[in-house]
2 protein chains.
Amino acid sequence: MFDWLLDQKVQNSIGSCYMKKNGTTISKAAQRAGVGIETIRYYQRLGLIEEPGKPVEGYRLYPEHTIDQIRFIKRAQTLGFTLKEAKVLGELGEEKCLETRDLAGLKLELVQSKIRDLKFIEHNLNDLIQHCDTRRKDEACPIYYSISKQ
Amino acid sequence: MFDWLLDQKVQNSIGSCYMKKNGTTISKAAQRAGVGIETIRYYQRLGLIEEPGKPVEGYRLYPEHTIDQIRFIKRAQTLGFTLKEAKVLGELGEEKCLETRDLAGLKLELVQSKIRDLKFIEHNLNDLIQHCDTRRKDEACPIYYSISKQ
DNA sequence: ATAAACTCCGTACTATAGAACGGAGTCAAT
DNA sequence: ATTGACTCCGTTCTATAGTACGGAGTTTAT
């Protein structure tokens with residue numbers, strides 16, 4: 001039951017107790033997960049990862065599992081998911097595939113909608129820049145004019 | 001020189017002094033510009049529009065020019081410009097076309113970069129959803145799996 | 001004259017994802 | 001034993017674009 005406590009004592013008597021087994025310190029965990037220390041604390045505050053219990057003496061130890069969770073969150077972010085969504089994705093796990101698919105579908109629609117908006121902007125900017133480049137010297141700035149009008 | 005003061009007195013003796021000429025109250029200005037009152041105050045705080053002087057008695061009066069400025073800002077926003085950039089665009093005016101063009105060019109590049117990023121995400125999400133839809137019943141969720149791996 | 005509506009003004013809050021700070025505690029090594 | 005490095009913890013700050021609030025003053029309408 002309390003083997004881990006024993007383990008720690010044993011390690012303590014041998015060398016530093018902060019050399020893995022039971023986990024690593026926050027800075028090592030951050031380094032291994034590719035994030036800053038503050039990011040880990042922030043995820044803890046949001047409840048995205050559980051905070052390891054504070055030992056009576058010494059520092060909190062972050063298990064491998066938590067580091068994996070952080071990596072999971074980071075990869076979810078690269079797919080456009082927010083931290084809140086990343087949390088849900090983690091909770092859904094590998095079983096609730098339909099819900100996960102739905103979440104991804106919604107995200108896809110959002111992303112596509114953003115792309116459409118940006119393309120519209122891109123088109124307008126391109127147009128305006130064209131007008132700028134082909135304007136006569138004495139004409140007022142087409143961009144300024146276009147924003148001013150209506 | 002102080003005709004406006006006279007005007008106001010005259011108007012005062014006739015009816016409400018808050019019926020245009022010299023400007024309108026903030027709520028009317030907001031309505032005519034299509035924004036909220038708080039937005040106008042916010043733009044004032046940022047120095048995007050000048051705050052009309054507070055008369056000794058009564059409320060501030062917003063001239064037509066300020067309403068135009070707010071509309072200018074709003075249109076600049078639809079082109080993807082931030083408020084800070086909208087301010088610069090307004091200051092550049094219709095003369096400094098080259099600078100304006102540069103600003104638009106930078107914005108265009110930013111927008112295109114965002115589109116590329118979003119398309120990458122779109123592609124990945126599409127892939128994952130495909131995998132979800134073609135997976136065998138007994139397989140773990142491809143999306144969850146993909147985010148977990150590596 | 002009094003109530004409803006409007007304005008003024010500063011401050012605080014929304015969302016998102018952290019970064020930075022400061023002081024106290026703890027650990028490791030010389 | 002003391003220094004340097006690390007941790008802990010709460011709080012504050014960043015950026016962006018507003019929204020909301022609360023109390024006091026002003027104007028308008030009845």
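In what follows, every heavy atom counts, from backbone to side chain, and hydrogens, waters and symmetry copies are set aside. Sequence lines set the chain letters: A, B, ... in the order given, protein chains first and strands last, and positions in each chain run from 1.
To the nearest angstrom, P of dA20(C) lies 14 Å from CZ of Arg45(A). Rounded to an integer number of Å, the gap from Ile73(A) CD1 to dA17(C) C1' is 12 Å. Between Tyr62(A) atom OH and dC6(D) atom P there is a gap of 16 Å when expressed in whole angstrom units. When rounded to the nearest whole Å, the span between OH of Tyr42(B) and P of dC13(C) equals 17 Å. Regarding Arg41(A), its CZ atom lies at a distance of 13 Å from the C1' atom of dT11(D), rounded to whole Å. Counting to the nearest Å, the C1' atom of dT16(C) and the NZ atom of Lys87(A) are 16 Å from each other. Rounded to an integer number of Å, the gap from Gln44(A) CD to dA17(C) P is 17 Å. The distance from atom NZ of Lys54(A) to atom C1' of dC8(D) is 5 Å, rounded to the nearest whole Å.
Look at Thr39(B) and you won't find any side-chain N or O under 4.0 angstrom from OP1 or OP2 of dA17(D). Regarding contacts with the backbone of dA5(C), every side-chain N or O of Lys28(B) stays at 4.0 angstrom or more from both OP1 and OP2. OP1 or OP2 of dT7(D) lies within a sub-4.0 Å distance of a side-chain N or O belonging to Thr25(A). Regarding contacts with the backbone of dT7(D), a side-chain N or O of Ser27(A) is found under 4.0 angstrom from either OP1 or OP2. Neither OP1 nor OP2 of dG25(D) sits under 4.0 Å from any side-chain N or O of Arg60(B).
For Tyr59(B) against dC6(C), a side-chain-to-base donor-acceptor contact under 3.5 Å is present.
Within the model, atoms CZ of Arg101(A) and CG of Leu98(A) stand 8.5 Å from one another, a figure rounded to the nearest 0.5 Å. Rounded to the nearest 0.5 Å, atoms CG (Leu46(A)) and CG (Leu83(A)) are 6.0 Å apart.
Comparing dT7(D), dT7(C), dC21(D) by their nearest atom to the side chain of Ile26(B) picks out dT7(C). When distances run from any side-chain atom of Glu38(A) to the nucleotides dC21(C), dT19(D), dT7(D), the shortest one goes to dC21(C).
Contact annotation for Glu51(A): backbone-only contact, meaning every heavy-atom pair under 4.0 Å involves sugar-phosphate atoms and none involves a base. Ile37(A) comes within 4.0 angstrom of the backbone, heavy atoms only, and of no base.
Positionally, the nearest nucleotide of DNA chain C for Tyr43(A) lies more toward the 5' end than for the other of Tyr43(A) and Val56(A).
The main-chain N or O of Ser148(B) is found under 3.5 Å from a side-chain atom of Arg75(A) such that the two form a donor-acceptor pair. Side-chain N or O atoms of Lys107(A) include none that pairs as donor or acceptor with a backbone N or O of Leu125(B) at under 3.5 Å. Checked by atom type and distance alone, the side chain of Arg71(B) never pairs as donor or acceptor with a backbone atom of Ala33(B) at under 3.5 Å.
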